[in-house]
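Shown next, in structure tokens, is the structure this report addresses.
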Amino acid sequence: MSFFYQYKKVIPLNFSASLSYYLVLSLVPSFLLVYLFSRYIINDLVVIEEIILLLFPLNYSEELLIFLESSELSFSPYLLFVIIICLNIISNGVNNLTKSINLIFNYPNNSNKLKAMLLSLLLLLLEGILLYIGTFINNLFSVFTYLRFLILVAIVLFAFIFIYKFLPSKPFKLKEIFNYSVVGSFLISILIMGFNIFVNYYSNMKVYYGSFSIIVSILILFKLISNIISLVFYFEYLKIKRHNIKFT
């Protein structure tokens with residue numbers, strides 16, 4: 001009970017729900033931007049395919065891949081407008097996360113719309129490059145299937161480090177946040193892969209929810225991911241607080 005009480009004092013009441021909301025809301029815009037990056041910059045759609053296969057159950061992945069591969073997107077003023085809208089949606093989530101982190105660690109708020117949009121674009125590009133490196137290794141050694149879990153861990157870990165370094169008013173040192181970020185990355189990766197196995201082989205969601213089952217699955221998955229992220233931030237807070245007390 002004491003742990004729960006202290007946790008609620010540190011983590012904003014709506015943090016987990018708000019984070020899961022923005023994760024879901026940013027999902028399609030993120031896919032679209034990485035899809036455009038894969039198609040026009042590196043000319044290899046394997047990147048977006050691997051992201052989708054990593055994140056979602058097989059049936060959902062196949063439907064989404066068919067949709068993306070059948071779309072005809074060419075550079076135009078309309079496409080530029082769509083990209084700006086996508087970045088705006090993702091940056092709202094980044095801004096919200098920035099405010100929450102600053103609140104948790106008692107830092108002054110420095111959220112900025114333009115900065116959030118640039119950081120959103122940079123994070124997506126870097127994550128795309130990281131996954132592309134994984135697919136390149138696979139083409140050389142045919143080991144991607146066996147390293148799929150570790151590559152997912154690396155992607156989530158990179159996102160944690162990126163968030164800690166660029167979002168708060170005071171960037172964290174790598175040694176301050178590395179341990180819990182690694183643990184959180186493994187937990188999130190285990191959750192994603194375990195959830196996919198459950199949905200693929202044991203879930204009856206399609207029986208009860210029909211075509212809405214993918215939405216329900218994503219909401220449940222992202223809420224659980226948000227809870228893990230909340231716990232990572234909480235333990236980081238306790239660690240930094242103990243460190244500050246020790247050297248005061």
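Everything numeric in this text was worked out from a predicted model, so none of it was measured.
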Q | Pairing residues for L119 by the side chain to side chain contact (heavy atoms under 4.5 Å, CB included) criterion, not counting sequence neighbours | A | K115, F162, F166, L167

(Q) The criterion is ring-ring contact (aromatic ring centres under 6.0 Å, His included); which residues satisfy it with F158, sequence neighbours excluded? (A) none

Q. Which residues pass the side-chain hydrogen bond (donor to acceptor under 3.5 Å, both in side chains) test with S20, sequence neighbours left out?
A. none

Q | Rounded distance (nearest 0.5 Å) linking atom OG of S181 with atom CD1 of I163 | A | 9.0 Å

Q. Does the S91 side chain pair with the main chain of M117, one donor and one acceptor, at a distance under 3.5 Å?
A. no

Q | Side-chain heavy-atom pair Y22, I90 within 4.5 angstrom cut-off | A | no

Q: Applying ring-ring contact (aromatic ring centres under 6.0 Å, His included), name anything that partners F186, two or more places apart in sequence or on another chain.
A: F149

Q: Not counting sequence neighbours, which residues clear side chain to side chain contact (heavy atoms under 4.5 Å, CB included) with K173? List them please.
A: K175, E176

Q. What heavy-atom pair brings L123 and A159 nearest, and what distance separates the two atoms?
A. CD1-CA, 4.4 Å

Q | Spatial distance of atom OG (S226) from atom CG (L231) [nearest 0.5 Å] | A | 11.0 Å

**Q.** side chain to side chain contact (heavy atoms under 4.5 Å, CB included) involving K9 - partner list, sequence neighbours excluded
**A.** Y5, Q6

(Q) So, using side-chain hydrogen bond (donor to acceptor under 3.5 Å, both in side chains) as the criterion, who are the partners of N227 when residues are at least two apart? (A) S16, K223

Q. Looking at I220, I218, L219, which hits side chain to side chain contact (heavy atoms under 4.5 Å, CB included) with F222?
A. I218

For residues 94-105, run the donor-acceptor check on the side chains, cut-off 3.5 Å, and write out each pair with its distance to 0.1 Å, sequence neighbours left out.
unit_1: N95; atom_1: OD1; unit_2: N112; atom_2: N; d: 3.4
unit_1: N96; atom_1: OD1; unit_2: S18; atom_2: OG; d: 3.4
unit_1: N96; atom_1: ND2; unit_2: S18; atom_2: OG; d: 2.8
unit_1: T98; atom_1: OG1; unit_2: V94; atom_2: O; d: 2.8
unit_1: S100; atom_1: OG; unit_2: N96; atom_2: O; d: 3.0
unit_1: N102; atom_1: OD1; unit_2: S169; atom_2: N; d: 2.9
unit_1: N102; atom_1: OD1; unit_2: S169; atom_2: OG; d: 3.4
unit_1: N102; atom_1: ND2; unit_2: T98; atom_2: O; d: 3.3
unit_1: N102; atom_1: ND2; unit_2: P108; atom_2: O; d: 3.4
unit_1: N102; atom_1: ND2; unit_2: N110; atom_2: OD1; d: 3.2
unit_1: N102; atom_1: ND2; unit_2: S169; atom_2: OG; d: 3.4

Q: With sequence neighbours excluded, tell me which residues meet ring-ring contact (aromatic ring centres under 6.0 Å, His included) with Y164.
A: F172, F233

Q: Locate the shortest heavy-atom distance separating S230 from I11; write the atom from each residue and the value.
A: O-CD1, 3.7 Å

Q) For the atom pair CG (L23) and CD1 (I229), what is the distance rounded to the nearest 0.5 Å? A) 6.0 Å

(Q) To the closest 0.5 Å, what do you measure between CD (E236) and CZ (F160)? (A) 9.0 Å

Q: Sequence neighbours left out, what passes side-chain hydrogen bond (donor to acceptor under 3.5 Å, both in side chains) with N92? Give chain and number order.
A: K113

Q | With sequence neighbours excluded, residues passing side chain to side chain contact (heavy atoms under 4.5 Å, CB included) with L191 | A | L221, L224, I225, I228

Q) Does Y7 OH have over 12 foreign heavy atoms under 6.0 Å away? A) yes

(Q) Looking at every heavy atom in both M193 and L152, which two are closest together, and how far apart are they? (A) CG-CD2, 4.0 Å

(Q) If you apply the rule side-chain contact (heavy atoms from CB on, under 4.5 Å), what do you find for K239 with I177, and how did you get there? (A) CA-CA 9 Å; K239 177 182 177 182; I177 53 91; over 6 Å; no

